[in-house]
Number of protein chains: 2
Amino acid sequence: MHSEVVASRSADQRDSRESRNGTPQLDAVSLAIIEQLQEDGRRPYAAIGKAVGLSEAAVRQRVQKLLDQGVMQIVAVTDPLTVGFRRQAMVGINVEGDVESVADALTAMSECEYVVMTAGSFDLMVEIVCEDDDHLLDVINKRIRALPGVRSTESFVYLKLKKQTYMWGTR
Amino acid sequence: MHSEVVASRSADQRDSRESRNGTPQLDAVSLAIIEQLQEDGRRPYAAIGKAVGLSEAAVRQRVQKLLDQGVMQIVAVTDPLTVGFRRQAMVGINVEGDVESVADALTAMSECEYVVMTAGSFDLMVEIVCEDDDHLLDVINKRIRALPGVRSTESFVYLKLKKQTYMWGTR
DNA sequence: CATCACTGCTGCGAAATCCGCAGGGTTCCG
DNA sequence: CGGAACCCTGCGGATTTCGCAGCAGTGATG
């Protein structure tokens, strides 16, 4: 017990501050806490504390801070199919003019689950979650293509989701 | 209070069974529970019960069942950048021969966060999460392209993640 | 119609967890 | 040397979780 991270606590603490790019830097203990919560988001603080070598209260404070900072969030994730969304697609988009403003417009659409600006033959890639084919068609043809600046789109309808994990940092 | 779902409980219960396609069907109450947990994965059962019109114990039993069935999971999700993964990419893949076996091989790779079989000009799309450029290059050129059956790949390196939600069912 | 199995909800007490707070140690300044 | 900023620990009290017994509705069976 308490075998984990004991060395040089002072150094670890220091780099939980902001780094130059504005994103908070995480020490090994916070990373270990995140790993615990990636396995089970409801794991008790005391159990986490035992695993990472910290008291219950300390874990609680760190978790709260990570949540406040937006470093992580603890949520239920579902299989879209079982929740009634039968059609999903990835859409690659090419833009003329300001990519960011198109991205913002997409972000505002509730059907867009995932919006990312990319390098390559697409400027944007968007994941769409819909209830059925009609819905999907409507979103792609009527809403996305209608956005000012959208030059072209290419769709990849999902046939089968093989893997979906949230294990960043657990490697 | 208790204003939510009171009508026809018998009907609701019935369709929490399996439907023809093997995926469990969810009633309105379970959906409401999931929505609560999508807002906060650690919300107490009693609070959820108050919101959906059920007792604490009933909520607890339903949540446990949803977890057991694999309908949802409660986990911590993070911003990859703050956890030390500085390069991400979407990779479109074309396959000759058995697509499924290639998909399985990709699924087994820890760097592949997301694997989906698609219709369109790619057979597979894969999201890769890496520590740096070298790591990314290695995964794409050495590991993915080396897979038997992989005919070609096209990469889309992430420049900026604009949106990432887990709000299925919360619409 | 009686009965049995099954499922899901409720209520309740005991155990475990969460929460707020006071106190102590360390580091970093002026 | 103070003082401020952090982060940790320990500790009660409030809250939550947990397991279980009991009950009601449904469907199948004879």
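Letters go in sequence order (proteins before strands), and every chain restarts at 1.
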Pairing of A:Asp27 and A:Arg62 as salt bridge, 4.0 angstrom limit: yes

Protein-nucleotide distance (A:Arg43, atom CZ; D:dT17, atom P), rounded to Å: 16 Å

Salt-bridge present (A:Arg87, A:Asp132; N to O < 4.0 Å): no

Nearest to side-chain heavy atoms of B:Arg60, which nucleotide of C:dC18, C:dC9, D:dT17: D:dT17

Residue B:Ala58, side-chain atoms from C-beta onward, closest of C:dT10, D:dC8, C:dC18: C:dT10

d(OH, B:Tyr45; C1', C:dT17) in whole Å: 12 Å

Phosphate contact (D:dC6 OP1 or OP2) by A:Lys65 side-chain N/O below 4.0 Å: no

Selection from D:dT17, C:dC18, D:dC8 that lies nearest to any side-chain heavy atom of A:Arg42: D:dT17

Closest listed nucleotide, where the reference is the side chain of B:Arg62 and the choices are C:dG8, D:dT16, D:dT9: C:dG8

Whole angstrom value for the distance that separates P of D:dT16 from CD1 of B:Ile48: 11 Å

Between C:dG8 (P) and B:Leu66 (CG): distance, integer Å: 11 Å

Along DNA chain D (nearest heavy atom to each residue), the more 5'-positioned of B:Ala57 and A:Ser55: A:Ser55

Atom-to-atom span, CD of B:Gln61 to C1' of D:dG22 - whole angstrom: 13 Å

Test log, rule side-chain contact (heavy atoms from CB on, under 4.5 Å), inputs B:Met125 and B:Ile93: CA-CA 6 Å; B:Met125 302 203 73; B:Ile93 303 176; over 6 Å; no

Interatomic distance, A:Asp27 CG vs C:dT27 P [rounded to whole Å]: 16 Å

Protein-nucleotide distance (B:Leu67, atom CG; D:dC18, atom P), rounded to Å: 11 Å

Most 5' of B:Glu56 and A:Ala47 on DNA chain C, judged by nearest nucleotide: B:Glu56

Cation-pi check, A:Arg151 onto A:Phe122 ring (under 6.0 Å, within 45° of axis): no

Protein-nucleotide distance (B:Leu54, atom CG; D:dA24, atom P), rounded to Å: 18 Å

Salt-bridge criterion met for B:Lys160 and A:Glu100 (N-O under 4.0 Å): yes

